[in-house]
Every structure is written in structure tokens, then in C-alpha cells.
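We count ligands from 1, going down the list as the structure has it; atoms in each ligand are counted the same way. Values below: every heavy atom of this structure, side chains too, minus hydrogens, waters and symmetry copies.
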Amino acid sequence: MSLPESSRYQFTPDMRICRILNGMWQVSGAHGRIDPQRAVEQMFVYHDAGFTTWDLADHYGPAEDFIGRFRREFSARHGENRLAEIQAFTKWVPHPGRMTRPVVEAAVSVSLARMGVAALDLIQFHWWDYGDRNYLDALKHLADLQHEGRIRHLALTNFDTERLRIITDNGIRIVSNQVQYSLVDRRPEVQMASYCRQHGITLLAYGTVLGGLLSEKYLGQPEPRRAELNTASLQKYKDMIDGWGGWALFQELLATLKPIADKHRVSIANVGVRYIIDRPAVAGVIVGTRLGVAEHLADNARAFDFTLDTEDHARIEAVLAKSRDLFKMIGDCGDEYR
Ligand SMILES: NC(=O)c1ccc[n+]([C@@H]2O[C@H](COP(=O)([O-])OP(=O)(O)OC[C@H]3O[C@@H](n4cnc5c(N)ncnc54)[C@H](OP(=O)(O)O)[C@@H]3O)[C@@H](O)[C@H]2O)c1
């Protein structure tokens with residue numbers, strides 16, 4: 001399997017990425033046990049198939065260490081020169097408090113060491129409490145570290161439009177904001193996407209396949225009980241579906257997506273991913289991967305084989321129009337965390 005050219009995206013002038021990123025929250029322990037050796041071996045399979053871009057975080061269990069180990073083994077097999085084929089996007093999710101240069105530098109140094117890189121490709125910064133304006137100090141120190149060559153690009157995760165504007169107005173160059181974005185959660189369309197487009201910022205979407213709920217596996221199925229949802233993702237997105245319109249409406253959505261998927265000879269998950277990849281400002285969609293436990297590589301590759309037509313969009317919109325307004329209920333991007 002090799003992915004078509006349309007799977008690549010010029011994310012920054014110096015970096016092309018795969019538009020489906022491999023999400024590593026799934027190795028954190030909250031989604032079942034992961035065997036490190038098998039996981040790293042599986043990373044080669046993803047990479048060789050063209051899925052070269054990884055999304056991780058300082059707090060996703062061993063994710064940063066897996067990148068370090070993968071890079072070491074990759075270099076041994078293929079030579080150091082080819083390491084540039086790998087893009088590894090980490091996050092920094094600090095506890096609130098004063099953000100001095102030593103605090104910020106220490107966090108970045110840990111990620112550099114764990115991942116075995118001289119510079120982080122991307123650091124996506126998360127902040128829990130907007131009442132605490134220290135986030136601007138943290139970002140200014142990150143920008144200094146960027147100028148010193150230890151970070152290639154600065155990004156955010158789960159920031160709302162208001163704070164993204166404040167950060168941009170403070171002269172900090174942000175390349176992307178990672179937010180929840182799916183057929184169920186379209187809050188980024190209210191104001192985030194247009195702000196991003198105006199300012200040359202892209203979106204990295206997560207939760208797009210709703211932990212696997214957006215698939216044939218759940219089509220025509222009774223509402224799952226919480227105990228049956230065996231990963232943190234499934235539980236998270238089931239809650240989102242409940243707020244959005246409930247299981248009956250979600251079944252209507254799956255039943256609408258199925259003939260669209262059949263028409264294009266793809267899967268329901270592919271339709272959900274394609275829909276989001278084609279939205280304004282979106283650079284890529286992150287799909288979580290339980291490395292060494294389950295994989296959907298061949299299926300996810302098909303998201304690059306088709307496009308949705310006007311009729312498909314009209315049928316999808318007709319169902320989505322029946323849902324509740326999550327922006328009104330929860331607020332802008334990331335407000336579910338605050
Ligand atoms: N910034 C943030 O706050 C934040 C929050 C959440 C996630 N994320 C990022 O986004 C990534 C994705 O996580 P997520 O929680 O949003 O999970 P997700 O991508 O919505 O769901 C991942 C799960 O979906 C299933 N799946 C994947 N492809 C499929 C396909 N083609 N057909 C059917 N099922 C498929 C797999 O389930 P099985 O393994 O059971 O087969 C997989 O484990 C994370 O790893 C992380 O990198 C970021």
C-alpha cells in the first residue's frame with residue numbers, strides 16, 4: 001500500500017505531513033495494554049505505508065519514548081538521513097502557575113531527550129485556565145526557544161478563538177490549533193476556522209472517527225452501556241453524541257453515511273474523515289491508533305481515494321440540521337476542558 005500524493009500537505013514551508021496523522025493517546029494506558037516492542041514495530045508499518053506523521057503529548061504515557069525508540073531503530077535500519085521523513089508533533093500540557101524561562105526550558109528539554117531530537121518539529125501548547133494569563137509568558141519563552149533552534153514550530157491545542165486572537169496580537173506566530181472536529185462536533189466552523197484562514201493558521205482535527213463509533217460496527221446497534229465502551233475515546237465521544245442529539249439521531253447519521261460510503265466503495269469512517277479533511281483551514285485529521293492491538297491502515301488509506309459530491313453533502317446536512325447546537329451548549333473549541 002502506498003498513499004497518493006493528495007495525502008500530503010505542505011504544513012509549513014519546511015515540512016510536509018500526511019493528512020491523516022497517527023494519534024498516540026491510544027498508547028497512554030487508557031485504551032488497553034500496549035506492548036512497547038510490538039508498538040514500535042508497528043510504527044514502521046505505518047511509516048512504510050505513508051502515514052509518517054505522529055501526534056503525541058508529554059502526558060500520553062510512553063508516547064514520546066516510543067518516538068525516541070522508533071527514531072533510533074529507524075536510523076539504524078535506514079540511516080540518519082532518512083529521519084527527516086518522520087514528523088512527530090508533541091504537546092506540552094503544564095499545570096497552571098508561573099511560567100518562567102527555567103520552567104518552560106525544563107519541559108522542552110524533557111521532550112527533546114525522550115524523543116531523541118535536536119529540535120521539536122511542533123510543540124502544541126495546552127492551557128487549563130484562561131483566568132491565569134501566565135499562558136502568554138509560557139508562549140513567549142517557547143518562542144525564544146524556537147529562535148534558539150530547539151523548536152521548529154509553535155502550535156496550540158484546545159484554544160478558543162478569543163485567546164488565539166490575543167496570542168496572535170502579541171506577535172507570537174502559531175501554525176496550528178488542534179481541536180475536536182467531526183460530523184458530530186462542528187464547533188470549529190462557528191468562528192475558529194475563519195479566524196485561522198485569515199491568519200494563516202491551520203487546524204488539526206481529533207475525535208473525527210469518534211473513538212470508532214463512526215463505523216459500520218455501531219450501525220444498527222442498540223445504545224452501548226458505559227461498561228461496553230472499553231477505551232477512554234469511546235466513552236468521551238459517546239458523551240459528545242449524547243449532548244449532540246442522542247443515540248437515535250446518531251443511528252440516523254450512520255444510516256445516512258452507509259449508502260454514501262457504499263457509493264464510493266469506502267467505509268463510514270472514511271466518509272467522516274474525508275468530510276473534515278475538506279473543511280476550510282483543516283490541515284489534517286488525527287486518527288488514534290492502538291499500536292500492536294488493532295489497526296485500520298488499509299481502510300483509512302481509502303479516505304484519499306474519493307471526494308464527497310453535492311448530493312452527499314446535502315444528505316449529510318439534512319441529518320446534522322436535526323442536532324443540538326454544541327457551540328451554544330459547550331462553547332468554542334476546547335471549552336469542554338475548562
Ligand atoms: N488535543 C486533545 O485534547 C486531544 C484529545 C483527544 C485526542 N487527541 C489526539 O487525537 C488522537 C485520536 O484520538 P481520539 O480519542 O480522537 O480517537 P479517535 O481517532 O476518534 O478514535 C480512534 C479509534 O477509532 C477506531 N478506528 C480508527 N480508524 C478506524 C476505521 N477506519 N474504522 C473503524 N474504526 C476506526 C480505532 O478503534 P480500535 O482501536 O478499537 O479498533 C481507534 O483506536 C489521539 O491519539 C490524540 O493524538 C487530542
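- In the candidate list His296, His126, His31, His296 is nearest to atom 41 (O) of ligand 1, counting heavy atoms.
- The shortest N or O to N or O distance between Thr289 and ligand 1 is not under 3.5 Å.
- The distance from ligand 1 to the heavy atoms of Arg290 drops below 4.0 Å at these ligand atoms: 38 (P), 39 (O), 40 (O), 43 (O).
- The N/O atoms of Ala294, backbone and side chain alike, include none that comes under 3.5 Å of an N/O atom in ligand 1.
- In terms of modelled atom types and a separation under 3.5 Å, the side chain of Thr202 and the main chain of Val175 share a donor-acceptor contact.
- Applying the 4.0 Å criterion to heavy atoms of Asp55 picks out, from ligand 1, the atoms 9 (C), 46 (C), 47 (O).
- Aromatic ring pairs are classed by plane angle as parallel below 30°, tilted from 30° to 60° and perpendicular above 60°; the pair Trp54 and Tyr46 is tilted.
- For a threshold of 3.5 Å applied to N or O pairs, the pair formed by Ser267 and ligand 1 contains no separation below that value.
- The ligand atoms of ligand 1 that sit less than 4.0 angstrom from a heavy atom of Tyr337 are 2 (C), 3 (O), 5 (C).
- Between Phe159 and Tyr130, the ring planes lie tilted relative to each other; the angle falls in the 30° to 60° range.
- Ring geometry for Phe125 against Trp92 counts as tilted: the plane angle lies between 30° and 60°, on a 0 to 90° scale.
- Taking 4.0 Å as the cut-off between side-chain N and carboxylate O, Asp239 and Lys236 do not count as a salt-bridged pair.
- Residue contacts with ligand 1, taken as heavy atom pairs separated by less than 4.0 Å, involve Lys91 solely via side-chain atoms from C-beta onward.
- In the hydrophobic cluster analysis, where Ile, Leu, Val, Met, Phe, Trp and Tyr join through side-chain heavy atoms closer than 4.5 angstrom, Leu326 is grouped apart from Val190.
- Every atom of ligand 1 with a heavy atom of Gly207 under 4.0 Å away is listed here by number and element: 16 (O), 20 (O).
- With hydrogens left out, the protein atom closest to atom 25 (C) of ligand 1 is Gly212 CA, 3.6 Å, a heavy atom.
- When non-hydrogen atoms are compared, ligand 1 lies under 4.0 Å from the backbone of Val209 as well as from its side chain.
- Hydrophobic clustering (side-chain heavy atoms under 4.5 Å, transitive across Ile, Leu, Val, Met, Phe, Trp, Tyr) groups Trp247 together with Leu234.
- Closest protein heavy atom to atom 19 (O) of ligand 1: Gly288 N, 2.8 Å.
- The protein atom (non-hydrogen) at minimum distance from atom 48 (C) of ligand 1 is Gln178 OE1, 2.9 Å.
- Counting heavy atoms closer than 4.0 Å to ligand 1, residue Asn158 contributes side-chain atoms (C-beta onward) but none from N, CA, C or O.
- Checking Ile286, Thr157, Ile268, Leu56 against atom 1 (N) of ligand 1, the nearest heavy atom belongs to Thr157.
- The hydrophobic cluster containing Tyr181 does not contain Phe327, counting ILVMFWY residues as joined when their side-chain heavy atoms lie under 4.5 angstrom apart, directly or transitively.
- Interface of Gly23 with ligand 1, defined as ligand atoms under 4.0 Å from a residue heavy atom, comprises 11 (C), 44 (C), 45 (O), 47 (O).
- The protein non-hydrogen atom at the shortest distance from atom 28 (N) of ligand 1 is Asn300 ND2, 3.3 Å.
- Which parts of ligand 1 touch Leu210 is read off a 4.0 Å heavy-atom cut-off, strictly below it: atoms 20 (O).
- Close contacts between ligand 1 and Ser215 involve ligand atoms 33 (C) [criterion: under 4.0 Å to a heavy atom].
- Residues Thr52 and Arg8 bring a donor and an acceptor atom of their side chains to less than 3.5 Å of each other.
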Exercise for review: Applying salt bridge (charged side-chain N to carboxylate O under 4.0 Å, His left out), run through Lys238 and Asp242 and close with a yes or a no.
Suggested key: CA-CA 6 Å; Lys238 172 62 169 55; Asp242 291 346; 2.9 Å; yes

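- In this structure, of Phe89, Tyr237, Tyr181, Tyr206, the residue bringing a heavy atom nearest to atom 5 (C) of ligand 1 is Tyr206.
- Taking a cut-off of under 4.0 Å to the non-hydrogen atoms of Val287, the atoms of ligand 1 that pass are 19 (O), 27 (C), 28 (N).
- In Asp299, the part holding a heavy atom less than 4.0 Å from any atom of ligand 1 is the side chain.
- The aromatic rings of Phe250 and Trp244 lie perpendicular to each other, with more than 60° between the two planes, well past the 30° mark.
- Ring geometry for Phe44 versus Phe70: interplanar angle over 60°, hence perpendicular rather than tilted (30 to 60°).
- Summary of contacts: the protein heavy atom closest to atom 45 (O) of ligand 1 is Gln26 OE1, 2.6 Å.
- In this pair, Trp128 and His126 present their aromatic rings perpendicular. The plane angle is above 60°, beyond the 30 to 60° band.
- Applying the 6.0 Å contact sphere to CZ of Arg38 captures no more than 12 heavy atoms from other residues, nucleotides or ligands.
- Among all non-hydrogen protein atoms, the one lying nearest atom 15 (O) of ligand 1 is Ser233 OG, 2.6 Å.
- Between Ala269 and ligand 1, not a single N/O pair is under 3.5 Å apart.
- The shortest separation from a heavy atom of Gly211 to ligand 1 is under 4.0 Å, placing the residue in contact.
- Val110 is not connected to Phe89 by any chain of hydrophobic side-chain contacts under 4.5 Å among Ile, Leu, Val, Met, Phe, Trp and Tyr, and they are in different clusters.
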